[in-house]
2 protein chains.
Amino acid sequence: MRIEAAPARDSDDLIELLFFAYRDFVGDPDRILAEYGFGRAHHRVLHFVDRYPGLTIAELLDILRITKQSLNRVLKDLIDQGYVEQRTGTSDRRQRLLFCTPTGRSLTADLTRVQVRRVARAIEEPAEAEGRNGREARIASAQGFLLAMIEPGDRPAVRRLMARRAGMRA
Amino acid sequence: MRIEAAPARDSDDLIELLFFAYRDFVGDPDRILAEYGFGRAHHRVLHFVDRYPGLTIAELLDILRITKQSLNRVLKDLIDQGYVEQRTGTSDRRQRLLFCTPTGRSLTADLTRVQVRRVARAIEEPAEAEGRNGREARIASAQGFLLAMIEPGDRPAVRRLMARRAGMRA
DNA sequence: CCAGATAAGTCAGTGTTGTTGACATATCTC
DNA sequence: GAGATATGTCAACAACACTGACTTATCTGG
């Protein structure tokens, strides 16, 4: 696969592979979403609300990096059709805490399933040029690379967010 | 021995990290593109035409997975504004071979620069949990993971495409 | 307690990028 | 020369992002 050790060259290849990987990665759930009349924007909301129940609007906006108006359009769809519900915040009653309904969790599970399948396969595969590293090492590598791709200033927020899950279902 | 629970969890994290990584990965060039009145679609065309000079319309459509009409809109912008040029195919005169003009190469280089910076940094960083693997191993890991994320049936096409570069500039 | 900040919702308009469907033209292949 | 193929184009439409302006409810500090 790799021909030369020029850093820019390796990065070029990674840039291109990231494009192809992401293209196929979002392609899977797209087919399911189409059956429901939803799009990728709906998927992203479902994913984060499902994974981090009680997320506020502001937090979701910060994660997705879209405007309030853009979020509201898809969020409204999901709420009106019973996939997501809002509860008034307890400590701050201005906040709207977001939760998936059972229907929403079920749809999200379907979407997650196809993506997990692809990712799990990518981890499980031999990966030819990869020497004697084990499965665990491959997971750590992939996570390390992707995390390092995130804007350094944003990494603490991502870590903090993902750490929430540790405390969840004990 | 259920091979279900734990891997799904790791995959879940990878799915989320891929979202964040891609979000920031495309965010860099977006800022530059905005100065030219271009969008991501223009970037993708520039990238592939720059990297694989002489690409045909059909090949580009297959890479980008969009319709001819979608491609044409952005391609027309790039041609009209002198970033890309078309030459009639030599063996098959129906084909239009695409090439970047010097201006196009220059813009693409600017776009590539910011993405290379991010990727190179991601490779260069310590990556804490990653044990004693070297830089070379991290590159191989990342490439292996991303390639394995691509739809298996499409991998040969991707390999074939990327192999073109090997023969290019010596 | 009230003034100002903050969280969220909404209306209206716009732009990019994707889609379908229909059709035109040039060129190749048999 | 007939039919397939590569490309280009017109028109309509949808998803999803944006800006800007404004409202409502609620919190917080002086």
Side-chain angles (χ1 to χ4, degrees), chain A residues 19 22-23 26-27 29-49 54-81 84-99, chain B residues 19 22-23 26-27 29-49 54-81 84-99:
Chain A
F19 164 78
Y22 198 80
R23 180 193 70 177
V26 296
D30 277 358
R31 284 167 223 125
I32 297 172
L33 290 159
E35 296 169 22
Y36 291 79
F38 290 147
R40 283 181 203 170
H42 299 89
H43 182 192
R44 291 194 282 265
V45 171
L46 280 172
H47 169 90
F48 285 104
V49 171
L55 216 54
T56 67
I57 301 288
E59 287 170 328
L60 197 44
L61 287 175
D62 187 54
I63 288 169
L64 300 177
R65 297 284 165 80
I66 57 176
T67 59
K68 193 174 37 167
Q69 295 90 326
S70 289
L71 172 58
N72 234 284
R73 183 166 6 100
V74 293
L75 186 55
K76 208 167 193 282
D77 291 342
L78 292 170
I79 291 170
D80 290 350
Q81 293 175 51
V84 169
E85 63 177 21
Q86 286 182 318
R87 299 180 206 155
T88 297
T90 47
S91 63
D92 186 337
R93 291 176 45 80
R94 287 173 302 181
Q95 295 180 330
R96 299 287 174 267
L97 309 186
L98 302 170
F99 297 87
Chain B
F19 164 78
Y22 199 80
R23 180 194 70 176
V26 295
D30 277 359
R31 284 167 224 124
I32 297 173
L33 289 160
E35 296 169 22
Y36 291 80
F38 290 146
R40 283 180 203 172
H42 299 90
H43 183 192
R44 291 195 282 266
V45 170
L46 280 173
H47 169 91
F48 285 104
V49 171
L55 215 55
T56 67
I57 302 289
E59 287 169 328
L60 196 45
L61 287 175
D62 187 54
I63 288 168
L64 301 177
R65 295 284 163 80
I66 58 176
T67 59
K68 190 176 37 167
Q69 295 89 327
S70 289
L71 172 59
N72 233 281
R73 196 179 10 211
V74 293
L75 186 54
K76 208 166 191 290
D77 292 342
L78 293 170
I79 291 171
D80 290 350
Q81 293 174 51
V84 169
E85 61 177 22
Q86 288 182 318
R87 300 181 205 155
T88 298
T90 46
S91 64
D92 185 338
R93 292 176 45 81
R94 288 173 303 181
Q95 293 180 333
R96 299 288 174 268
L97 309 186
L98 302 170
F99 297 87

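Quick note on labels: first sequence line is chain A, next is B, and so on, each numbered from 1.
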Heavy-atom side-chain contact between [X] and [Y] under 4.5 Å:
| X | Y | result |
| --- | --- | --- |
| A/Leu97 | A/Thr88 | no |
| A/Gln95 | A/Ile57 | no |
| B/Leu75 | B/Leu98 | yes |

Short side-chain N/O contact from B/Thr67 to OP1 or OP2 of C/dG18, under 4.0 Å: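 No, because none of the side-chain N or O atoms of B/Thr67 sits under 4.0 Å from OP1 or OP2 of C/dG18.
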Counting just side-chain N and O atoms, does B/Ser70 come under 4.0 Å of either OP1 or OP2 of C/dT17?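 For B/Ser70, the contact criterion (side-chain N or O under 4.0 Å from OP1 or OP2 of C/dT17) is not met.
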Residues which pass side chain to side chain donor-acceptor pair (under 3.5 Å) with [X], listed by chain and number, not counting sequence neighbours:
| X | result |
| --- | --- |
| B/Arg40 | B/Asp30 |
| A/Asp77 | A/His42 |
| B/His43 | none |

Taking any atom closer than 4.0 angstrom to a non-hydrogen atom of chain B, what span of DNA chain D does the protein reach, first nucleotide to last?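 Listing 5' to 3', DNA chain D meets chain B from D/dA4 to D/dC10.
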Quantified as the angle between the terminal helix axes (five pairs each), what is the overall bend of the helix from C/dC1-D/dG30 to C/dC30-D/dG1 to 10 degrees?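 That helix gives 30° between its end axes.
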Listing time: all N or O pairs from protein to nucleotides 6-8 of chain C that are below 3.5 Å?
unit_1 : atom_1 : unit_2  : atom_2 : d
C/dT6  : O2     : A/Arg94 : NH1    : 2.7
C/dA8  : OP1    : A/Ile57 : N      : 3.3
C/dA8  : OP1    : A/Arg96 : N      : 3.4
C/dA8  : OP2    : A/Ala58 : N      : 2.8

Pull out every residue in residues 32-45 of chain B that has a heavy atom closer than 4.0 Å to any atom of DNA chain D, ordered by number, or say none.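 The stretch gives none, as no residue of it lies under 4.0 Å from the strand.
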Partner residues of [X] under the side-chain contact (heavy atoms from CB on, under 4.5 Å) criterion, sequence neighbours left out:
| X | value |
| --- | --- |
| A/Thr90 | none |
| A/Arg87 | A/Glu85, A/Phe99 |
| B/Arg65 | A/Arg23, A/Asp24, B/Asp62, B/Asp154 |

What residues, two or more places apart in sequence or in another chain, satisfy ring-ring contact (aromatic ring centres under 6.0 Å, His included) together with A/Phe48?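 Partners of A/Phe48 under the ring-ring contact (aromatic ring centres under 6.0 Å, His included) test: B/Phe19, B/Phe20.
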Just to verify, what does A/Tyr22 make a ring-ring contact (aromatic ring centres under 6.0 Å, His included) with, not counting sequence neighbours?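 For A/Tyr22, the residues satisfying ring-ring contact (aromatic ring centres under 6.0 Å, His included) (neighbours in sequence not counted) are A/Phe25, B/Tyr22.
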Given that A/Ser91 and B/Ile79 both sit by DNA chain D, which one's nearest nucleotide is further toward the 5' end?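 This one resolves to B/Ile79.
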